[in-house]
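Ligands are counted one by one from 1 in listed order, and the atoms in each one are counted from 1 as well. Numbering of residues begins at 1 and proceeds along the displayed sequence.
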Amino acid sequence: MSKLWKRMEDELNTRHESKTYNNIKILESPQGAHIKVNSQDYLNMCSNNYLGFANDKDVIKGGQDYLEKYGAGSGAVRSIAGSQTCHLEFEQALAKFKGVEDVILVQSGFQANTALIPTITTEDDAIISDELNHASIIDGVRLSKAKKYVYKHIDINDLQKQIEKAKQEVSGFILIITDGVFSMDGDIAPLDEIVKLKNKYEDVYLTVDDAHGEGVFGSHGRGLVNHFKLEGEVEFEIGTLSKAFGIAGGFIGGKKVLIDYLKQKARPFLFSTGIDSAMCGAGLAVVDKMSKSDDRVKKLWENAHYLQEQLQAKGLNTWKTASPITPVIVGEESMATDMTKMLFEENILVSPIMYPTVAKGLARIRLMPSATHSKEDLDLAISKIEKCAKELGII
Ligand SMILES: *Cc1c(COP(=O)(O)O)cnc(C)c1O
């Protein structure tokens, strides 16, 4: 066999043997608290659809209306002939909602990081990144020619050390980058302290990737910057439409000059077609609903607190979470796959998370409550998790 195919087969075999092969589940229904897989009903405890918008009738209607009005595809990249009024309307609505001067839409949150980071930095600059930042930030940083520094997870003293070091070593500016909410642990970046620190220096700026903060933190789910009352203090905000917004797409928010610059220079914007009209219409419906009511955000938190308190009361370890993201530590890597499988047999869907995504020995299952889970749903999940954890000797 050739080297190429053999390498792939070997890697896949290794994954099967180490129980890390991901058997991707296929949903035969819309996304929601209850889904269909293999013609059976499952309680879904692992989607990012925090507020239930993915299958909301007003959101679907918004998408359908714009699909009719603007057609299925835009036919070109945004910078040639693919910018439609629906894109501008949605960008303006997002800017208003987020409390930033302007917004640029791109195809995903992942693309937002690869659009921003390499475009605004040069080899004269420095990037200082939290060690637990999301893969899309890491890839965005890899595409940049800037000098790279990593600081210990949410460690302000180490961040300061890295800033001092970078100040000695580069002539340009320094860009700090952090997730707002960290997706594996559910803890949050101390944005107030980071802003205070960066403001002590000239030419030190901050990017916050608010993927898991939007729809969750701040007034009406405006995000973590709003939660910390730091509007205007964070130069670059990355957003995704794929989590609480329940659709797909990503965006960057900031000053008008930044958005103007990115529309001229960011490669994912220049060389890849933008999100479609249906996403713009659906997204506008989401922003409208979130602006008018924060009932879903409140319900999400109520559910998150209930789930976490009950799990803790059973002796389970929900780790460092300060958000609805709910890790349940199981320890050994194989325990996470075993627990996931046992719960799947009980018709409950959770996601196993293990090394190298998190440190060895801290394997976990991750639960994502949403505003659309009922108390009965949560009680069922809690009792089945307790049962499986006992069987596995975790509690
Ligand atoms: C999920 C996530 C992304 C990717 O968002 P997509 O829109 O799905 O590409 C980017 N950054 C962070 C921090 C995330 O958690």
Give yes or no for whether the N/O distance cutoff of 3.5 Å, strictly under, is met between T240 and ligand 1.
-> yes

Ligand 1 to F110 polar contact by distance, N or O atoms, under 3.5 Å = yes

With a 4.0 Å cut-off on heavy atoms, does K243 reach ligand 1?
-> yes

Using a 4.0 Å heavy-atom cut-off, say whether S136 meets ligand 1 through its side chain, its backbone, both or neither.
-> side chain

Nearest-neighbour protein heavy atom for atom 8 (O) of ligand 1, which is reported as residue plus atom name and distance | S242 OG, 3.0 Å

Within-cut-off N or O pair, G109 and ligand 1, under 3.5 Å | yes

Would you check if there is a donor-acceptor pair between the side chains of S144 and T121 at a distance under 3.5 Å?
-> yes

Hey, looking at atom 12 (C) of ligand 1, which of D209, N133, D210 has the closest heavy atom?
-> D209

If we number the atoms of ligand 1 from 1 as shown, the ones under 4.0 Å from a heavy atom of H212 are 15 (O)

Going by atom types only, do Q111 and T114 share a side-chain donor-acceptor pair under 3.5 Å?
-> yes

Decide whether an N or O pair under 3.5 Å exists between D179 and ligand 1.
-> no

Lys NZ or Arg CZ of K341 over F344 ring: under 6.0 Å, within 45° = no

Please state whether the rings of F245 and F97 are parallel, tilted or perpendicular, taking 30° and 60° as the class boundaries.
-> perpendicular

Decide whether the shortest distance between a heavy atom of G249 and an atom of ligand 1 is less than 4.0 Å.
-> yes

For ligand 1, which atoms sit closer than 4.0 Å to a heavy atom of A211?
-> 2 (C), 11 (N), 12 (C), 13 (C), 14 (C), 15 (O)

Quick one: is the NZ or CZ of K256 closer than 6.0 Å to the six-membered ring centre of Y261, and within 45° of its axis?
-> no

Classify the side-chain pair H153/D130 by whether it contains a donor and acceptor separated by less than 3.5 Å.
-> yes

Short list, please: which atoms of ligand 1 are under 4.0 Å from a heavy atom of S108?
-> 7 (O), 9 (O)

Will you find, in the side chains of Q84 and S74, an N or O donor that is under 3.5 Å from an N or O acceptor?
-> no

Would you sort out whether F182 and H134 count as a ring-ring contact (aromatic ring centres under 6.0 Å, His included), showing the intermediate values?
-> CA-CA 8 Å; F182 289 85; H134 188 260; over 10 Å; no

